[in-house]
2 protein chains.
Amino acid sequence: MSTIQLLPLTDVSVECCTPLDSDTLSVEDADLLSSRLKAVADPARLRLVSLVAAHANAEACVCDLTEPLGLSQGTVSHHLKILVEAGIFAREKRGTWAYYSLIPGALGSLSAALLVVGEK
Amino acid sequence: MSTIQLLPLTDVSVECCTPLDSDTLSVEDADLLSSRLKAVADPARLRLVSLVAAHANAEACVCDLTEPLGLSQGTVSHHLKILVEAGIFAREKRGTWAYYSLIPGALGSLSAALLVVGEK
DNA sequence: TTACCGTATTGATGACTGTCAATCTAAGTG
DNA sequence: CACTTAGATTGACAGTCATCAATACGGTAA
């Protein structure tokens, strides 16, 4: 049997979609990373992260956060949802209260991903 | 003369503005950090950082970046200005061309600042 | 000087976002 | 059951943003 060269073909397809620079950020990766960064690039949400991290047991309910943030309950709930959807906060409902906590390593991986963008 | 107690007064004022948690992100720091993160939380600007970093000599002019980004020249110029104002890119004009380059350590300090927010 | 080229800026537009007030849902409590 | 309380959701509004087309600016070359 003749052994068909498969690897060169896949290489060509890779070259096709990355024309000039070898290892540059793809559009998909850029969209993904930017959406995660957007979740954190807001003063209210940065303070939420800081408040929750500084809180006892590293978790807090909405009622703990509304007053120090100076925003309405609905707005705080909105920001918390964005942080949960970005994979930064975890939400656990116990009784009437909803407790939010930092997902371990989430900020670290985001911080690391940002750093990698600047490395060729 | 009666010695007036000044220190207790200032202590009270400090307690007044930091009611519960001790070392939480201030509103000013949150605004500052979020504005730097906003500069980077955009797909086009993330790709700009990646493209410049991967470019020869780690610098590039606008004409090098317009085509791989798929955006108009004016839009690319606009994004580059935002990155310069955020302290991430440096701009050097040589002749007709404007060369942009990553400021060393800029992404690193931003990445580190983001990480610190999550540490109590 | 005029002409050209690379870049910056302006104006307009459509999309997105942060915020609040109001409402709705759900879980406890009388 | 009705009532209260915590949180989520909705609708509306103002502000911001990404984008393009067009124009202005600033060197360089003829």
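Chain naming here is simple, since letters A, B, ... match the order of the sequence lines and numbering starts at 1 in each.
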Discussion item. Under 4.5 Å between side-chain heavy atoms, counting indirect links through other Ile/Leu/Val/Met/Phe/Trp/Tyr residues: same cluster for B:L32 and B:L114 or not?
Written reply: no

Discussion item. Test of understanding: with side chain to side chain donor-acceptor pair (under 3.5 Å), list the residues that count as partners of B:S34, not counting sequence neighbours.
Written reply: none

Worksheet, complete the sentence: Sorted by chain and residue number, the side chain to side chain contact (heavy atoms under 4.5 Å, CB included) partners of B:A39 (sequence neighbours excluded) come out as B:I82, B:A86

Worksheet item: Going by number, which of residues 70-78 of chain A have a non-hydrogen atom under 4.0 Å from DNA chain D?
Response: A:Q73, A:G74, A:S77

Worksheet item: Base, sugar-phosphate, or nothing for A:Y99, non-hydrogen atoms under 4.0 angstrom?
Response: nothing

Item to complete: Strictly below 4.0 Å, heavy-atom distances to any atom of DNA chain D: list the hits from residues 82-97 of chain A, or just say none.
Response: A:R91, A:T96, A:W97

Discussion item. Less than 4.5 Å apart, side chain to side chain, heavy atoms only: is that true for B:V27 and A:P43?
Written reply: no

Worksheet, complete the sentence: chain B reaches DNA chain C, atoms under 4.0 Å from its heavy atoms, from C:dG6 to C:dT9

Worksheet item: What distance separates A:S35 OG from A:E85 CD, expressed to the nearest 0.5 Å?
Response: 10.5 Å

Item to complete: On DNA chain D, reading 5' to 3', which nucleotide is the first and which the last to sit with an atom under 4.0 Å from a heavy atom of chain B, could you check?
Response: D:dA18 to D:dT28

Practice prompt. Begin with the C-alpha distance, continue with both residues' side-chain angles, and end with the deciding distance and a verdict on side chain to side chain contact (heavy atoms under 4.5 Å, CB included) for B:D64 and B:L51.
Written response: CA-CA 9 Å; B:D64 293 328; B:L51 282 168; over 6 Å; no

Item to complete: With sequence neighbours excluded, tell me which residues meet side chain to side chain contact (heavy atoms under 4.5 Å, CB included) with B:A90.
Response: B:S101, B:I103

Fill in: B:S111 side-chain N/O to A:L115 backbone N/O, donor-acceptor pair under 3.5 Å
no

Worksheet item: Checking A:S109 side chain against A:A106 main chain: does a donor-acceptor pair fall under 3.5 Å?
Response: yes

Worksheet entry | side chain to side chain contact (heavy atoms under 4.5 Å, CB included) partners for A:V52, two or more places apart | A:A60, A:L65, A:F89

Worksheet item: When you look at A:V117 and B:V40, which way does the side chain to side chain contact (heavy atoms under 4.5 Å, CB included) test go after all the steps?
Response: CA-CA 10 Å; A:V117 177; B:V40 148; over 6 Å; no

Discussion item. Stem list for DNA chain C, please, built from Watson-Crick and G-U wobble pairs under 3.5 Å and keeping only runs of at least 3.
Written reply: C:1-30 with D:1-30

Discussion item. With heavy-atom distances below 4.5 Å as the criterion, would you say the side chains of A:L48 and A:Y100 are in contact?
Written reply: no

Item to complete: If a pair satisfies salt bridge (Lys or Arg N to Asp or Glu O under 4.0 Å) and one of its residues is in residues 33-60 of chain B, list it, with sequence neighbours excluded.
Response: B:E59-B:R94

Discussion item. Side-chain heavy atoms nearer than 4.5 Å, only ILVMFWY residues, links allowed to pass through others: does that put A:L102 and A:Y99 together?
Written reply: no

Worksheet entry | For DNA chain C, the residues among residues 38-46 of chain A that have a non-hydrogen atom under 4.0 Å from it | A:D42, A:R45

Practice prompt. Return the set of residues passing side chain to side chain contact (heavy atoms under 4.5 Å, CB included) with A:T75 (not counting sequence neighbours), or none when no residue passes.
Written response: A:L71, A:S72, A:H79

Item to complete: Please answer whether the main-chain N or O of A:Q73 pairs with a side-chain N or O of A:S77 as donor and acceptor at a distance below 3.5 Å.
Response: no

Fill in: side chain to side chain contact (heavy atoms under 4.5 Å, CB included) evaluation trace for B:L33 with B:L110
CA-CA 8 Å; B:L33 180 53; B:L110 182 54; 3.8 Å; yes

